[in-house]
2 protein chains.
Amino acid sequence: MAQQVDDARRPPLSRDRVLRAAVALADDAGIDSLSMRKLAQELDVVPMALYKHVANKEQLLDGMVDVIAGEIDPPAHDIEWKSAVRQRILSARRVLLRHPWASRVIESRTSPTPAVLDYMNSIVGMFRTGGFSVDLTHHAMHALGSRIWGFSQELFPASPSPDPEMQAAMLHQLAARYPYIAEIAAAVAHDEESVVGSGCDDQFEFEFALELLLDGFERLRQHGWTSTNQSCA
Amino acid sequence: MAQQVDDARRPPLSRDRVLRAAVALADDAGIDSLSMRKLAQELDVVPMALYKHVANKEQLLDGMVDVIAGEIDPPAHDIEWKSAVRQRILSARRVLLRHPWASRVIESRTSPTPAVLDYMNSIVGMFRTGGFSVDLTHHAMHALGSRIWGFSQELFPASPSPDPEMQAAMLHQLAARYPYIAEIAAAVAHDEESVVGSGCDDQFEFEFALELLLDGFERLRQHGWTSTNQSCA
DNA sequence: ACCTGAACACCGTTCAAGT
DNA sequence: ACCTGAACACCGTTCAAGT
């Protein structure tokens, strides 16, 4: 009966409302806090009510990825393939930076949803109209992998550097066992003194690898590369 | 008292035995079936007994990655950097194919463990002794990303193709909305008719991208590339 | 001092009972 | 026919009671 009062003043539940609430919850509280029960609570609804609009949690996550994919800028026309691909992927990256949980969820999907296919189809199209063979396009897409979505697997993200003293001490200890890693860590630490603000580096690394791959694709295209002259067994 | 009889005929629990049992359980039953409770049961022990050797589940997973990292072939000496890196990474890939759960677990780690650092240190060392600057080595490692561990993010793994009829029907439906994707799917389906067995393709894609990146690194090294001439803000 | 059973605070999802 | 509360079968981990 109190339920009826609530019903009156809240919009009826719909798949779209469920998905948007899920995205908002993941944005605010993190993906680990996204449970069917908490989402239901957020929507002022009994948990089982969600199952009317979403078959199970997996399908909820599928839907969330679809929402995210819809936020990527539409493809640009009348520019050469490399700019078009780069622009689109960097747009995807901006979307993912707004939704930090999305990369992990995308990774865990097992089958693509419509908006995902739309996005991938448009990128494949850019290669094809740019003069790439079906074959080379196929391998290029695989080589890009998750980079298509604007993220690369950042393994063991840079430790949040504590005070400089601590940092120097750790570096010294590191150098004893892992001299080569320490060498890089030292160079990075030095760079950070001159460059203000973080987050810039990740972007640089992303674009570095992206450009390396795009340049590689272009070179193969120019040389008329095909996979048929490669052995496979 | 029955407990004492068990104690007599089973080796005492140790961190190493816990980790090996966890790896075996993940290999056999999948990572989703690996719970502290099931692992304890497998070891014929009460769940809380595990917490003597491992602080929590995260540390258990860290330890499992360490075990895996130890299975990678030791680095080769006296060969040029590219062969050395390629050989080591392809060895890591063979390890990961033996432990299909490992890539997902590696991705989820937030801080590296000793065996992980050893492995990364040795690869960094290969670049450095191969004539790469600290700077370029750093960016190359980032560009490789999870490829260092022998896997690439395979988004939406190839659907297990049902009977050929079904396949043709799906392809036709796909072509209507996603023509470019359908074009690739058709080419791949055609290839699979001639090439027997699957799994070969994934290996090909992996090596294709790896070689593209290694070639790209070499080119930058030869041209004396540095990041200082790049803008970053 | 050590070990461990019961308990806590959660999950996703099923299902039967209520309207 | 629809909706939903209680229940089921799990989690990882805490903690106090027992030896």
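Lettering of chains follows the sequences in order, A, B, ..., and the numbering in each one begins at 1.
- Here side-chain hydrogen bond (donor to acceptor under 3.5 Å, both in side chains) pairs that include residues 20-38 of chain B, with residues two or more places apart or in two chains, are B:Asp16-B:Arg20, B:Asp27-B:His99, B:Asp27-B:Trp101, B:Asp32-B:Arg104.
- Rounded to an integer number of Å, the gap from B:Leu43 CG to C:dT4 P is 14 Å.
- Shown here are the side-chain contact (heavy atoms from CB on, under 4.5 Å) partners of A:Leu117, two or more places apart in sequence or in another chain: A:Pro112, B:Tyr178, B:Ile181.
- Under the side-chain contact (heavy atoms from CB on, under 4.5 Å) criterion, A:Asp66 pairs with A:Thr113, A:Pro114, A:Ala115, A:Val116, sequence neighbours left out.
- Of the residues in residues 22-32 of chain A, none lies under 4.0 Å from DNA chain D by heavy-atom distance.
- Judged as a ring pair (Phe, Tyr, Trp, His ring centres under 6.0 Å), and not counting sequence neighbours, the contacts of A:Tyr119 are A:Trp149.
- Take B:Glu207 and apply the salt bridge (charged side-chain N to carboxylate O under 4.0 Å, His left out) test, not counting sequence neighbours, and it matches no residue.
- Applying the side-chain contact (heavy atoms from CB on, under 4.5 Å) test to A:Gln41 and every residue at least two apart in sequence or in another chain returns nothing.
- Within the structure, the side-chain hydrogen bond (donor to acceptor under 3.5 Å, both in side chains) test picks out the following pairs touching residues 47-59 of chain A (sequence neighbours left out): A:Glu58-A:Arg109.
- In this structure, CG of A:Asp44 is placed 12 Å from P of D:dT4, rounded to the nearest angstrom.
- With sequence neighbours left out, A:Ala22 forms a side-chain contact (heavy atoms from CB on, under 4.5 Å) with A:Leu34, A:Leu39, A:Leu60, A:Met64.
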Report task. Summarise how protein sits on nucleotides 8-19 of chain D as a single string, 5' to 3': B when a protein heavy atom is under 4.0 Å from the base, S for sugar-phosphate-only contact, - for no contact. Result -> ---BBBBB----
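- Legend: salt bridge (Lys or Arg N to Asp or Glu O under 4.0 Å) pairs involving residues 167-190 of chain B, not counting sequence neighbours, sorted by first then second residue: A:Asp118-B:Arg177, A:Arg128-B:Glu183.
- No donor-acceptor pair under 3.5 Å is formed between the side chain of B:Ser146 and the backbone N or O of B:Ser152.
- Taking atom C1' in both D:dT14 and C:dG12, the straight-line distance is 23 Å, to the nearest Å.
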Report summary line: Secondary structure of DNA chain C per the Watson-Crick/G-U criterion (both distances under 3.5 Å; [ ] crossing, | other strand, . unpaired) is ||.|||||...|||||.||
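- C:dT13 sits 23 Å from D:dT13 when the C1' atoms are compared, rounded to a whole Å.
- A distance of about 14 Å separates the C1' atoms of D:dC11 and C:dA7, rounded to the whole Å.
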